[in-house]
Amino acid sequence: MTRSPFLKRITPQLIILAIVLLLNVLVLPDFFTVKFQNGRLFGNIIDVLNRGAPTALLCVGMTLVIATKGIDLSVGAVMAIAGATAASLVVEGQHWTTAVMGALAVGALCGAWNGILVAFLRIQPIVATLVLMVAGRGIAQLITEGTILTFLDQGLIHLGAGTVLGIPTPILIWLSLGSFAAFLVRRTALGLLIESIGINEASSRLAGINSRVLLLCVYVVSGIGAAVAGVIVTADIQGADANNAGLWLELDAILAVVIGGNSLLGGKFSIVASLLGAMIIQSVNSVILLSGMPPEFNLVIKALLILAILVIQSPKVSHIIYILRASTPPAKVDRPNPAKELKR
Amino acid sequence: MIRSTHLPLIVTLLTFVLAYALCASQYPTMLSWRVVANLLTDNAFLGIVAVGMTFVILSGGIDLSVGSVIAFTGVFLAVILRDTSLHPLTAFALVLVITTAFGAAMGATIHYLDMPAFIVTLAGMFLARGAAYVLSTDSVSITHEFYDVLQSMYWKTASGGRFRLIGFVMVLTFIVGALVAHRTRFGQNVYALGGGAGAARLMGVPVASTTIGIYAVSGGLAGLSGIVFSLYTSAGYSLATVGVELDAIAAVVIGGTLLTGGYGFVAGSFFGILIMGLIQTYIVFDGTLSSWWTKIVIGGLLFAFILLQKGLTWASTARKKAATGFIAQS
């Protein structure tokens, strides 16, 4: 009984993903071929999973933030700060585990700053996180002193470019963190509490939910997710680029959450659907690359994708669908409508 | 007595005067007309876009697409002047029509689909940037004699400062913007919408046409800003003006406009722009500070002004609570 609503929830995302992957196969017939060479897996599908790691890591926290009716614009800048921290600690001669811990701590601190602004000073999330989005890249450049900090620490590089049992490390990191978060919110009451804040914060507080601490925690989780993504990106290119690390990734993360059928107005959410959304975005990127279409079309296609989802999610359109369904004979109403899953 | 709605504007004005006095005490040459003229010229495109952003934010919305629209306008003008024999004035008119229609389409989407402005204009941002990429990924230079004529139009002061045409365009935009906001029905409708869409509808404000009008104005001004930017750089480049929307939002907030909408002044945004330009000029004068300090200082100012707004809101709710014994929101 518990599995079937879950499958029903992610069906639209699975269908979209299947269609996009099918397009990939049409463009490149051996898209799914996976080879094992030099002790690691190679293949286009592995590439999609690997390259999608930063977006996937960001969208875990972003899903929770959006479920509370908030938004976190600062994740791209936090990625840059965390990457710069990790790189500068390694360059100073620290062990790479210390560097990663430092980066995570900085990410949590950034998240806590956002959380305090939103939960305690009651500033609208879009404004509160805008401050760090504007100032964050400046702070990252302050840490790297305006240069691109390069490093050769094998331990840190392993996180971005290495493999464990033949599987690239970033894939393992996002899969494990994503499933941990999904289980944590669904096997405990946490997910329900977060949803209740998004639906009506005042009444959830009256019902005894400590909404302020919970809001703070949600932004801290988002900051930590951004820090992990920042470390992976930094490790992958073996350098901290304060200007370009995570640039516009906050928008990709928000897009992934929206493709995952989560309403921007808060409330019900599904982390798994968001992760599928992240993979859909990466698969779209892959189609554009493989088909030899100029990468310039990437943004146009993303924009059309958002518009299509907007139309499906729109309260007005779902109201029209509702009226149409109500006015048709009941025999036709039996089939579940995918649009119904997308609306809140 | 100072009304609390005017307080943010006064704080902005004082900040600007104080900052300028500090800069001038350290570098007396900053008081020259040359610096003032450059301040206007260098921030002309940002100023024009900030006027549009002020209207959007006054109505309680947000427009993330303006930076991309500026880039699109630049590339469009460069490509059209390179490939066709159209006169630049015709091209200007054409691009203004396109960008205004683009803004209107976003406004219509926001109103009729009942979606948050944030996500709709995000799609617009991708679309405009993508369209610019599709036109050309390279930087296309503009070499037209009419551009030279426009660029050589300036008013020179005795001390050598050059007030260029684009600076005048910005000041004119601000004056017209202020008149529209405070002296026309459309302007009052914008304020009403920002105060509360439901109440505005009940009052008989045409919500649909006002929303579409606001985003059309923002799109059209972004197009004008793109024309000014192409005059400023003599080129069109699809990667230009990334993140200008954030600068514009920051300038509007520093200018004392409430981000929830309903309160604010177009003139405030003018001083917001000047404060941001002043920070950059100071960093150039200093020479030892790096450019990233600009971002940090602007972030800090943004934070300070948001706190100020929050404090004012608290003060007024506390007064209400004292009067009625009831508080709606914590």
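Atoms considered below: every heavy atom in the structure, side chains included; atoms not considered: hydrogens, waters and symmetry mates. Just so we're on the same page: letters track the sequence lines, and every chain starts at 1. Keep in mind the model is a prediction, meaning the values are calculated, not measured.
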Taking all non-hydrogen atoms of both residues into account, name the closest pair between A:L265 and B:P116 and its distance.
CD2-CG, 4.2 Å
Residue part contacting chain A, namely of B:Y112, when any heavy atom lies under 4.5 Å
backbone
Please state whether the side chain, the backbone, both or neither of A:L132 comes within less than 4.5 Å of a heavy atom of chain B.
neither
Enter the distance from B:L246:CG to A:R137:CZ here, rounded to the nearest 0.5 Å.
10.5 Å
Value for CG (B:L122) from CD (A:E250), rounded to nearest 0.5 Å, stands at 9.5 Å
Select, from B:L301, B:V253, B:L113, B:L302, the one with the greatest count of heavy-atom pairs under 4.5 Å involving chain A.
B:L113
Are any of the side-chain heavy atoms of A:L142 and B:W293 separated by less than 4.5 Å?
yes
For B:T260, is it the side chain, the backbone, both or neither that has a heavy atom under 4.5 Å from a heavy atom of chain A?
both
Are the side chains of A:I301 and B:F126 in contact, using a 4.5 Å heavy-atom criterion?
no
Is A:Q124 close to chain B through its backbone or its side chain, or both, or neither, when contacts mean heavy atoms under 4.5 Å?
side chain
What part of B:I306 gets within 4.5 angstrom of chain A, counting heavy atoms only: side chain, backbone, both, or neither?
side chain
What part of B:I62 is in contact with chain A, defined as an atom under 4.5 angstrom from a non-hydrogen atom: side chain, backbone, both or neither?
side chain
Restricting to non-hydrogen atoms, name the atom on A:A135 and the atom on B:G299 that form the minimum distance, rounded to 0.1 Å.
CB-CA, 4.0 Å
When rounded to the nearest 0.5 angstrom, what is the spacing between CG in A:L255 and CD1 in B:I119?
7.0 Å
Note, B:M125 side chain near A:L251 side chain (heavy atom, < 4.5 Å):
yes
Which answer fits B:V297, side chain, backbone, both or neither, if we ask what part of it has an atom under 4.5 Å from a heavy atom of chain A?
neither
Taking side chain as everything from C-beta outward and backbone as N, CA, C, O, which of these in B:I249 sits under 4.5 Å from a heavy atom of chain A? Side chain, backbone, both or neither.
side chain
When you look at A:L73 and B:F118, which way does the side chain to side chain contact (heavy atoms under 4.5 Å, CB included) test go after all the steps?
CA-CA 11 Å; A:L73 294 180; B:F118 166 73; 3.8 Å; yes
